[in-house]
Trainee: 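Right, I'll just put the structure down here and ask away after.
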Amino acid sequence: MSTIRLEHLARVEGHGGITVELEGDIVKNVHFDVFEGPRLLESLIRGKRYDEVAPILSRICSICSVAHTLTSLKATENAFGIQVSPQTVLLRELMFRGESIESHALHLFLLAVPDYLNYPSAIAMAADKPAPVLLGLRLKKLGNRIQETIGGRAVHPVNAVPGGFGKAPDFEQLIALRSALIEGMSDTDAVIDLVATLPAADYCHCDTFYAALRSPNLDSYYAGDEVMVVSNGSRAIVPAADYRSLTNEKSVPHSNARHSTFRGNPFMVGSLARLTVNPRRVTGRLAVAMKRLKLLLPADNPMDNNKAQALELINDIERALEIIEQLLRAGTKDERALPVHPRAGTGTAITEAPRGLLIHSYQYDEEGRIVKADVITPTALNAASLELHFRRAVEQCADREEAVLSKRLQMIARAYDPCISCSVHLVRR
Amino acid sequence: MKILKLPKEKLDLFASVVQQFGELHAPVEQDGRYVFKRLTRWSDARLEYDRTILPPKKYFLPPKETLFRYRPGEGFVPHTDGLDQRIILFGVHACDVYAINILDRVFAGKYQDPYFQARRKNIAIIGIDCTPDKQCFCRSMRADFVDHGFDLFFYDTGNYYQALVGTALGDDMVLATGNLFEPVDAADIEAYKQRSIDKRRAFQLDVEIRDLPEIFEMEYQSEMWEELGARCLSCGSCSMVCPTCYCYDVNDDVELGSRAGKRTRSWDSCLFASHALVGSGENFRGTREARIKFRFYHKQRGFVAEYGRPSCVGCGRCTSACPVHIDVVEVIDRLRRVQDVASR
Amino acid sequence: MLLADEVATYHPVLSGNPYQPHMARIVRIHKMVDNNHLFTLRFMEDHLAHSFRHQPGQFIMLSVPGAGEMPISISSSPSRPEVLELCVRRVGRVTAALYRLKTNDVLGVRGPYGNGYPMAEIMGNDILLAAGGLGMAPLRSLLWYALDHRDKFNNITLMYGAKRPEDMLFREELLALVDRTDINCLLTVDADPSGAWRNHVGRLPALFDHAKIDPLRTYAAVCGPPVVYKFILQRLLDLGFPKNRILMSLERRMKCGVGKCGHCSIGYNYTCLQGPIFTYWDAINLPEMI
Amino acid sequence: MSKPTVGIFGLTGCAGDQLVILNCEDRLMDIVALLDVRDFLMASSENDTACQLDIALVEGAVTTRRDAARLLAIRQRSKALVALGTCAVWGGVAALDRGQDRARLLDEVYGEGHPDYDSIPAQALHEVVPVDLNITGCPIEKEEFVAAIAALLNGDVPLAVEYAVCTECRMRENNCLLTERGELCCGPLTVAGCGARCPELRIACVGCRGPVDDANSASLVKVFEARGFAPQDIAARLRTFAPQGVTS
Ligand SMILES: Cc1cc2nc3c(=O)[nH]c(=O)nc-3n(C[C@H](O)[C@H](O)[C@H](O)COP(=O)(O)OP(=O)(O)OC[C@H]3O[C@@H](n4cnc5c(N)ncnc54)[C@H](O)[C@@H]3O)c2cc1C
Ligand code: SF4
Ligand code: SF4
Ligand code: SF4
């Protein structure tokens with residue numbers, strides 16, 4: 001038996017590795033190993049007052065800190081029966097878009113593209129090919145700017161609290177953001193041009209299940225509380241309250257993370273899943289771009305997630321602009337966060353983090369202190385699917401050279417854009 | 001001094017005329033408190049405000065400002081941006097004008113602070129009368145009236161503002177309004193005097209400052225300082241909001257990859273542990289007790305020796321800003337062993 | 001107050017700015033003692049080099065570009081103009097940045113500041129200079145001033161103590177004074193492990209046994225760490241020195257040097273304006289003096 | 001002068017401080033041009049994992065034996081070790097476990113009979129190895145980071161903030177959440193440098209930068225208690241980001 005082991009997965013957030021065990025030509029075992037130390041936050045949060053929960057759980061992960069914060073707030077508000085104002089919903093959606101723009105720009109241009117073009121890093125790539133790096137930095141900055149303006153900070157937002165916001169952005173801030181976004185729009189063609197010219201990456205083909213949030217208007221990262229699971233030929237709806245049917249996880253010895261399946265099938269979450277589950281939103285500029293990228297849904301190649309991210313970058317900028325226009329039309333009010341009256345009960349929230357479905361579920365006591373908290377992250381949801389795709393990639397690769405395999409597996413891993421610090425925070429039974 | 005009166009209903013008109021002399025700033029409401037801010041509409045001005053969070057000090061000595069830019073080969077080049085900006089501060093209370101007059105003296109002398117002086121020249125002050133509230137003790141600090149340091153000062157005499165013209169510029173402002181202002185007559189003077197009596201009666205706080213320096217010396221070892229030291233958080237709030245606290249820190253910020261950069265100064269506080277720390281490692285006010293004592297000592301005693309009066313003007317800001325309720329009036333009363341107003 | 005007729009020619013920031021450092025070049029770095037180097041500076045503009053005048057006991061604000069500004073006593077005597085000598089101990093950020101500089105590098109200088117020693121008052125009297133450790137830095141200016149104007153002073157006594165011979169500042173220069181007859185130069189070290197030291201060994205106050213001092217005709221200039229003050233002051237008082245003839249040089253944190261930034265304030269005095277030279281009488285009247 | 005060799009590392013944490021470095025979009029190209037970044041796993045797949053480093057920037061807390069071993073190795077190969085972010089400086093939220101039974105916590109999160117995870121009580125870097133410089137913040141502030149790099153490149157120690165969030169809050173002329181609204185604001189105890197980010201938005205400071213040098217928590221706790229807050233909530237708030245720091 002031979003073993004291929006990749007100790008440190010580079011250019012991902014957190015610490016992980018990949019192990020492949022081969023017996024002759026037969027793939028015995030494929031592991032996605034997570035070394036990130038368990039921080040046990042769900043358990044440490046027990047007994048904390050409702051207003052401490054989001055700031056602490058935001059620290060699960062920096063790249064998804066907006067998603068963690070807002071999902072946490074939504075779960076808390078659900079538990080206490082708080083209905084936030086329409087302005088708050090719009091501002092929160094805007095924060096999600098900002099985070100998605102930042103995260104996709106970072107992932108695509110600074111972490112993934114160097115793979116396709118055979119550079120070890122964006123820093124190295126910048127010397128010969130500065131354009132993609134600069135493009136990525138510009139878009140990243142745009143996403144951060146949205147997060148800073150609305151959330152008060154690009155990483156670990158401070159402005160969003162139970163019941164709303166500390167302070168809504170004023171007219172001047174929104175106008176400034178609008179000009180930045182309009183400027184950002186002029187970069188979207190370059191995004192598609194660049195991704196369209198990347199060398200093909202056909203490392204594995206495999207029928208895949210996709211799961212994403214189904215929102216009222218089919219296009220929200222924040223509003224909505226049903227998950228739809230889609231595959232070639234089947235679809236199923238999972239309401240938020242039943243989120244555990246997606247997360248019948250098992251602990252595995254090689255990893256601090258745990259693995260999820262739906263009705264026994266690994267499933268993929270994230271950009272590609274969102275486009276697959278909510279296909280009707282693919283219109284206009286986005287549809288044209290999709291044609292240029294030759295993306296057919298449902299896709300059978302996990303590498304297509306990079307294409308989906310490029311498409312989402314465009315969509316996110318468009319949506320952010322729409323939201324700002326809407327806010328400007330209505331005129332932002334200097335709202336204070338709604339008063340919070342804690343009560344005993346549970347609240348579950350599902351949203352779309354940049355990497356896919358994120359679930360927070362809390363049980364509170366009557367004083368508004370946490371009794372129990374579950375956090376299910378996209379990387380945890382993706383882990384089983386990622387291992388499946390690793391396995392298929394090894395099976396479908398004629399060349400068993402370690403260097404070749406290792407590069408392919410790394411690229412697949414990075415296509416998933418795994419966020420390992422997230423993946424260790426899992427369900428408490 | 002030229003004294004005129006302005007019918008109250010003409011104030012709006014006056015405000016629109018004086019705008020030609022500079023950018024108009026006045027107190028506006030902010031979540032129930034007031035701040036001096038650039039006006040976008042005259043109707044935002046709240047001239048009946050109690051006190052602003054920060055005093056007008058922020059216009060003359062900003063919380064952080066650049067003094068010089070440094071470039072190798074060029075040396076230190078003074079930073080002049082914004083110094084010539086013409087601003088009109090509309091609605092400054094007497095105690096705050098008094099405080100600026102105090103700062104004038106600190107920033108003058110043998111070594112004039114040119115940054116302060118430039119702003120002082122370019123910022124006009126239109127003072128306004130006020131009614132003391134339960135935190136005001138400016139009368140005790142002799143800062144409830146000012147006779148200079150403003151361009152115009154408005155006293156509320158019912159249907160009119162009685163206007164003291166302090167400078168040539170103030171006079172130009174009056175003239176620019178055509179005939180909005182009217183001469184005062186005997187009845188107006190009586191109205192003013194009545195107003196003065198009413199204002200005096202409105203004070204709810206009173207402290208005695210005569211011989212206070214001596215009492216400070218005598219009570220230098222008082223146990224009260226220890227108690228205050230245990231309470232003080234060294235948060236610096238009192239110094240930031242004080243209209244006469246002027247301590248500052250100076251730092252050089254360099255640019256990435258060079259020694260070029262800028263020299264900035266920013267507000268500082270004698271309550272910070274580093275304030276009196278020196279190179280040999282000695283800290284002359286290492287304990288919180290020594291620091292809080294110094295703050296009071298310097299304002300109420302040290303400043304008297306230097307400038308002939310306490311630097312405190314009795315605006316009440318530090319008392320309302322202090323998270324642990326360290327109250328100047330109470331501190332002075334305790335030093336004097338005064339239990340209540342009646343026992344004074 | 002805005003002056004209506006003011007024209008835009010008033011630029012106090014550009015001319016007569018008391019915070020404006022003037023560039024000076026390091027012409028020599030003498031490594032006197034570990035972490036106590038003597039820096040010799042000359043203003044880059046000749047007219048400044050010619051016109052700069054100071055009193056013994058005054059200090060300058062020294063800018064190390066990009067690192068910061070700090071008060072440093074002028075160790076050279078006004079009787080030897082054109083250059084400034086600064087004896088700087090490496091203690092932290094700015095001094096460390098200074099120590100990384102080399103000959104010909106550029107610094108910013110403004111001053112001189114502070115009252116300095118009351119020379120007019122001292123002249124015609126005896127002087128006693130008593131220093132411990134780095135305290136020699138400000139006293140050295142006074143020492144050479146007095147030696148260069150020898151006729152203006154009566155007896156001159158120097159008492160200087162360091163930990164070990166190798167810690168003694170200006171050692172060569174001071175050793176050369178020991179044999180001179182126009183000054184009673186008493187040097188002592190706490191310990192002399194090498195055995196090569198030919199002067200006194202023992203604590204600074206012990207040097208009083210070797211000096212003839214008339215307390216009513218003498219001005220005593222004292223400078224050093226707190227222990228030096230503690231013992232020397234007591235000794236001087238015991239001898240019957242009038243309190244206002246004991247002169248002390250004090251160190252305080254300073255950011256401006258010109259009585260604005262508030263850091264050096266002691267009670268109701270600014271060290272930078274009313275000091276750094278204070279009499280013992282001032283000291284007992286000022287809280288937190290030493 | 002040759003460029004300093006630099007390594008950027010993450011122990012257990014949210015990677016937020018490394019992300020802030022990547023978020024210095026306008027300065028990133030200058031930074032990588034001025035530094036010789038040799039080892040930066042989050043951004044590069046080709047790293048020199050053994051070379052001597054002039055500066056090691058380390059974020060995250062030590063929560064596994066693996067973290068501790070990595071940190072020791074980093075310390076050995078680095079001239080200057082910089083703790084980046086509140087987790088590295090104080091322990092951060094990772095160290096919320098101080099005083100709790102680690103094994104029981106693991107059972108709770110992973111179910112009894114979970115595999116034997118590598119997990120030790122969370123520690124700040126200085127509790128494991130000597131640290132030369134702290135840059136605090138959860139996450140660090142971009143400007144402070146760039147200023148620190150600028151100072152380090154000149155051979156200077158970066159300037160440290162020595163006062164509390166209140167000072168900056170007052171400078172920005174915010175309404176005080178503590179005195180005016182009676183909120184549980186940690187501003188008086190927390191080291192400034194963030195520009196009073198939260199109170200500026202009418203949100204009470206939760207102390208994410210850790211305590212100021214001279215924090216007087218005993219006195220503030222009395223104020224909170226007088227305002228009617230439960231001791232349990234006060235204690236929880238004060239220890240969120242710094243396990244031993246703020247509570248005196
Ligand atoms: C009137 C006067 C004359 C002096 N003469 C000399 C001299 O001749 N030779 C000499 O070596 N030193 C002298 N000093 C002390 C010198 O100013 C400090 O050692 C120097 O400022 C330390 O700077 P740093 O940046 O290296 O230290 P830092 O890294 O800032 O810190 C080291 C210590 O120095 C203190 N310090 C920082 N800035 C100042 C400041 N502006 N003023 C005073 N202390 C400060 C800090 O509190 C800290 O304790 C004098 C000080 C004064 C007030
Ligand atoms: S405001 Fe109060 S607690 Fe804060 S430094 Fe001043 S006296 Fe101390
Ligand atoms: S809001 Fe908080 S940080 Fe701001 S002044 Fe008040 S207590 Fe201090
Ligand atoms: S105000 Fe407090 S919680 Fe907010 S960023 Fe600053 S230190 Fe962190």
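Protein chains get the first letters and strands the later ones, always in sequence-line order, with residue 1 at the start of each.
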Trainee: For the backbone of Phe76(B) and the side chain of Gln20(C), can you confirm whether one donor and one acceptor N or O come within less than 3.5 Å of each other?
Mentor: yes
Trainee: Under 4.5 Å heavy-atom distance to chain C, tell me which part of Asp249(B) shows up: side chain, backbone, both or neither.
Mentor: both
Trainee: Highest number of heavy-atom pairs under 4.5 Å with chain B: which of Gly262(C), Ser63(C), Gly66(C), Cys261(C)?
Mentor: Cys261(C)
Trainee: Using non-hydrogen atoms and a 4.5 Å limit, figure out which bit of Val64(C) sits close to chain B: side chain, backbone, both or neither.
Mentor: backbone
Trainee: Can a donor-acceptor pair be found, under 3.5 Å and without considering hydrogens, that links the side chain of Lys260(C) to the backbone of Tyr248(B)?
Mentor: no
Trainee: When rounded to the nearest 0.5 angstrom, what is the spacing between CZ in Phe284(B) and CD1 in Ile266(C)?
Mentor: 7.5 Å
Trainee: Quick one: what part of Tyr70(B) sits under 4.5 Å from any heavy atom of chain C, side chain, backbone, both or neither?
Mentor: side chain
Trainee: Just checking Glu289(B): does its CD atom have more than 12 heavy atoms from other residues, nucleotides or ligands closer to it than 6.0 angstrom?
Mentor: yes
Trainee: If you count heavy atoms of other groups shown closer than 6.0 angstrom to CZ of Arg93(C), is the number above 12?
Mentor: yes
Trainee: Without swapping roles, check the side chain of Arg253(C) against the backbone of Leu277(B) for a donor-acceptor pair under 3.5 Å.
Mentor: yes
Trainee: Can you give me the closest heavy-atom contact between Val250(B) and Lys255(C), atom names plus distance?
Mentor: O-NZ, 3.3 Å
Trainee: When heavy-atom pairs shorter than 4.5 Å are enumerated against chain B, which of Met23(C), Gln274(C), Glu251(C) gives the highest number?
Mentor: Glu251(C)
Trainee: Measure the CG-OG1 distance between Asn17(C) and Thr80(B) for me, rounded to the nearest 0.5 Å.
Mentor: 11.0 Å
Trainee: Side chains of Pro18(C) and Pro114(B): closer than 4.5 Å at any heavy-atom pair?
Mentor: yes
Trainee: Contact part of Leu273(C) toward chain B, heavy-atom cut-off under 4.5 Å: side chain, backbone, both or neither?
Mentor: side chain
Trainee: Of the non-hydrogen atoms in Arg259(B) and Ala67(C), which two are nearest, and what is the gap between them?
Mentor: NH1-N, 3.9 Å
Trainee: Could you have a look at Ile88(B), Val254(B), Asp113(B) and say which one has the most heavy-atom pairs with chain C under 4.5 angstrom?
Mentor: Asp113(B)
Trainee: Can you check whether Tyr111(B) reaches Tyr19(C) side chain to side chain, under 4.5 Å on heavy atoms?
Mentor: no
Trainee: Please work out which of the three classes, parallel, tilted or perpendicular, describes the rings of His275(B) and His263(C), given edges at 30° and 60°.
Mentor: parallel
Trainee: For Ala108(B), is it the side chain, the backbone, both or neither that has a heavy atom under 4.5 Å from a heavy atom of chain C?
Mentor: backbone
